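Every value quoted in this text rests on a predicted model; they were computed, and no experiment measured them.
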Amino acid sequence: MQKRLSALLDNCNIISIAGKKPYENNVIIEDIAYDSRMVRNNSVFFALKGIHTDGHAYLDLAIKNGASALFVSVLPSNIDDNISYIVVDDTRKEMAFFSAAFYDFPAAKLKTIGVTGTDGKSTTVSFIYQLLNMVGKKTGFISTVEYDSSGTVRKNPFRQSTPEAPEITKILWEMVSNNLEYAVIESTSHGLSAKTARLAAVRYNAAVLTNISHEHLEFHGTMENYINDKANLFRKAEDFCVVNYDEPTKSAFLAAASGVPSLSYSIKDPSADIYASAISTTESGSQFTVHCNSKELKAELCVPGAFNIENFFAAAITVSKITGINIFDVISLSKSIKSTTGRMDIVDVGQNFTVIVDYAHTPGSFTKIFPMIKKNVKNRLIAVFGSAGERDTEKRAVQGAIASEYSDVIILTDEDPRGEDPIVILDQIESGIRKDFDASAVFKICDRQMAINKAMEIAQPGDTVLLLGKGHESSIIYGNKPMPWNEKEAAIKALMCKARA
């Protein structure tokens, strides 16, 4: 794709321009970059200020690699007259709107649904995507786990749940190019925040809330800021929003922020637009009665966990509203819904105990998954988990407290230590473990493979080993270096070692 730089600048709030004048010269842009190493000929480079580095330090490298234009918040001392320097107040925000213009505003050409919440976002995105395709709508999606912009589901190559603006806009453009009609976007609080502006230029038809619990306060500072950033999705919704009545205060705030009609769902509250009763759960799924519009229907979901009924309801009511299809026709598809990679994955190589891999890594997800698993455990529950480094530290003790309420054995291990001392993280989790919990049943093993090996080694017939926090992720980050990782393969490796012993 080629665009004249001058044709794209009307979408940006420019303070000044130095160097080569884009309005007087045919400066051509063929790509957008914010990493100087990824710059190629005729790229525009956005100098972003990050936590660990500042893109302004790499302007010379960007020019060397072929950049023809630079977006900066501060001009360098030396100006290259062959390069256009565009000075703006916020390079991240301008990158979002420049990207939208470069890719011809793809979100405006799709019916776009945003899903936000602390837990269940990827699952709800997947459920909406599946249901829309089941009712004959050509749909793409972007989630933490996977994305589809062309009719083929691919693994998400980005560590960020919400990619930076150029990536997310390019994926939406691919959807338009492939004649898709709908887009479902996992819209995180980071992506919705003005600090990153990753989703600032995305137009949404609908906003969906799963839930809100303690998470990411290292970024947002307070729960109020966290909720307010999520509210940005609802402020952007143009047609309707969907909220969880089991989160009454937060849902009321978000619905009020939206200014468009709201729909509600619940597995507890009969005043919601759609709610469930007579819920019966097993290790393989749930059966329940759906109530909506003074009618009811028995349904079955072949995905474990009562909380997935919430995710399904959020998806079903969204699909019904955005397509105009009767809600019960959508609900009738429940049995065909499939689970998401890294969510409640059973690992079975013939062992006489249960092994489950799940992405749960927040207090909110812990309060849902532990009671559900404990209910079906035949013998002991062995939990293996950690907490991410350079992220919300307050949640660590809370994780320990919840795990000790339901587990018989706790093995603390690395998740993504990043620049923190791994053992300090484990100590902070341990500080929340109940005082009456058997200290001899707590292990701290930083090496995650060794921790999983330990869990399999001590597992007895009828036990359940629950591996939490990594799920679908393909790396563990030490310092700033991602190391390859596959949780399911690590579990299989440990099981095979036990079988050979």
Greater than 12 external heavy atoms within 6.0 Å of D60's CG: no

Reference residue K20; test side chain to side chain contact (heavy atoms under 4.5 Å, CB included); the match among L5, I79, I83, V27: V27

Note, V303 side chain near K338 side chain (heavy atom, < 4.5 Å): no

Spatial distance of atom OG1 (T393) from atom CD1 (I425) [nearest 0.5 Å]: 10.0 Å

S320 side chain to T318 backbone, donor-acceptor under 3.5 Å: no

F253, CZ atom: more than 12 neighbouring heavy atoms under 6.0 Å: yes

pair V72-I86: side-chain heavy atoms closer than 4.5 Å: no

Pairs meeting criterion side-chain hydrogen bond (donor to acceptor under 3.5 Å, both in side chains) with involvement of residues 92-101, two or more places apart: R92-E164

Least distance between heavy atoms, V125 atom then S143 atom: CG1-CB, 4.1 Å

Side-chain donor or acceptor of S189 paired with backbone N/O of D229 under 3.5 Å: no

Ring center gap for F71 and F46 short of 6.0 angstrom: yes

Exercise: identify the closest heavy-atom pair between I113 and L132: CD1-CD1, 4.2 Å

Within 6.0 angstrom of K321 NZ, more than 12 heavy atoms from elsewhere: no

Heavy atoms from other residues, nucleotides or ligands near NZ of K64 exceed 12 (cutoff 6.0 Å): no

T413 versus V384, closest heavy-atom pair with distance: CG2-CG1, 3.8 Å

K488 vs D345 side-chain heavy atoms within contact, under 4.5 Å: yes

Straight-line distance of N486 CG to K493 NZ, nearest 0.5 Å: 11.5 Å

Considering all heavy atoms, the nearest I17-K21 contact: O-NZ, 3.1 Å

Side-chain donor/acceptor of H56 to backbone N/O of S73, under 3.5 Å: yes

Partner residues of V176 under the side-chain contact (heavy atoms from CB on, under 4.5 Å) criterion, sequence neighbours left out: P106, K109, L110

Residues Y226 and T118: side-chain donor-acceptor under 3.5 angstrom: yes

Any donor-acceptor N or O pair under 3.5 Å, side chains S387, E415: no

Check: D447 side chain, M450 main-chain N or O, donor-acceptor pair, under 3.5 Å: yes

Between CD on residue E186 and OG1 on residue T210, distance to nearest 0.5 Å: 9.0 Å

Check: A255 main-chain N/O paired with S258 side-chain donor or acceptor under 3.5 Å: yes

ring-ring contact (aromatic ring centres under 6.0 Å, His included) against F45, all qualifying residues, sequence neighbours excluded: none

Y34 side chain to E167 side chain, donor-acceptor N/O pair below 3.5 angstrom: yes

Backbone of A388 reached by a side-chain donor or acceptor of D416 within 3.5 Å: no

Any pair counted as salt bridge (Lys or Arg N to Asp or Glu O under 4.0 Å), so long as it reaches residues 95-105, sequence neighbours left out: K3-D104

Sub-6.0 Å ring centroid separation between F385 and H361: no

M175 side chain reached by S149 side chain, heavy atoms, under 4.5 Å: yes

Pairing residues for D119 by the side-chain hydrogen bond (donor to acceptor under 3.5 Å, both in side chains) criterion, not counting sequence neighbours: T362

Check: R4 and N26 side chains under 4.5 Å, non-hydrogen atoms: yes

Test log, rule side-chain contact (heavy atoms from CB on, under 4.5 Å), inputs I445 and L412: CA-CA 6 Å; I445 306 171; L412 302 177; over 6 Å; no

Short side-chain donor-acceptor distance under 3.5 Å, R448 and N453: no

Trace of the side-chain hydrogen bond (donor to acceptor under 3.5 Å, both in side chains) decision for D239 with N205: CA-CA 5 Å; D239 297 338; N205 294 90; 2.9 Å; yes

Heavy-atom side-chain contact between Y359 and K470 under 4.5 Å: no

ring-ring contact (aromatic ring centres under 6.0 Å, His included) involving Y103 - partner list, sequence neighbours excluded: W173

Counterpart residues, ring-ring contact (aromatic ring centres under 6.0 Å, His included), relative to Y204 (two or more places apart): none

Minimal non-hydrogen separation, Y478 against I476, with atom names: CE1-CG2, 3.4 Å

Heavy-atom donor-acceptor pair, E473 side chain to W485 backbone, under 3.5 Å: no

side-chain contact (heavy atoms from CB on, under 4.5 Å) partners of R40, counting only residues at least two apart: E30, D31, S43

Aromatic plane relationship, F141 with Y129 - under 30° parallel, 30 to 60° tilted, over 60° perpendicular: tilted

By side-chain hydrogen bond (donor to acceptor under 3.5 Å, both in side chains) - contacts of D427 (at least two apart): K444

Pairing residues for N11 by the side-chain hydrogen bond (donor to acceptor under 3.5 Å, both in side chains) criterion, not counting sequence neighbours: none

Trace of the side-chain hydrogen bond (donor to acceptor under 3.5 Å, both in side chains) decision for N308 with N311: CA-CA 5 Å; N308 274 315; N311 297 331; 3.0 Å; yes

Any donor-acceptor N/O pair, T196 side chain to H190 backbone, under 3.5 Å: yes

Sole residue of R396, Q399, E420 in side chain to side chain donor-acceptor pair (under 3.5 Å) with Q428: R396

Check: D273 main-chain N/O paired with S264 side-chain donor or acceptor under 3.5 Å: yes

Least distance between heavy atoms, A491 atom then I452 atom: CA-CG2, 4.0 Å

Main-chain N/O of R154 paired to E146 side chain as donor or acceptor, under 3.5 Å: no

Those residues that, when tested against D35, pass salt bridge (Lys or Arg N to Asp or Glu O under 4.0 Å) (two or more places apart): R37

Any pair counted as salt bridge (Lys or Arg N to Asp or Glu O under 4.0 Å), so long as it reaches residues 169-181, sequence neighbours left out: none

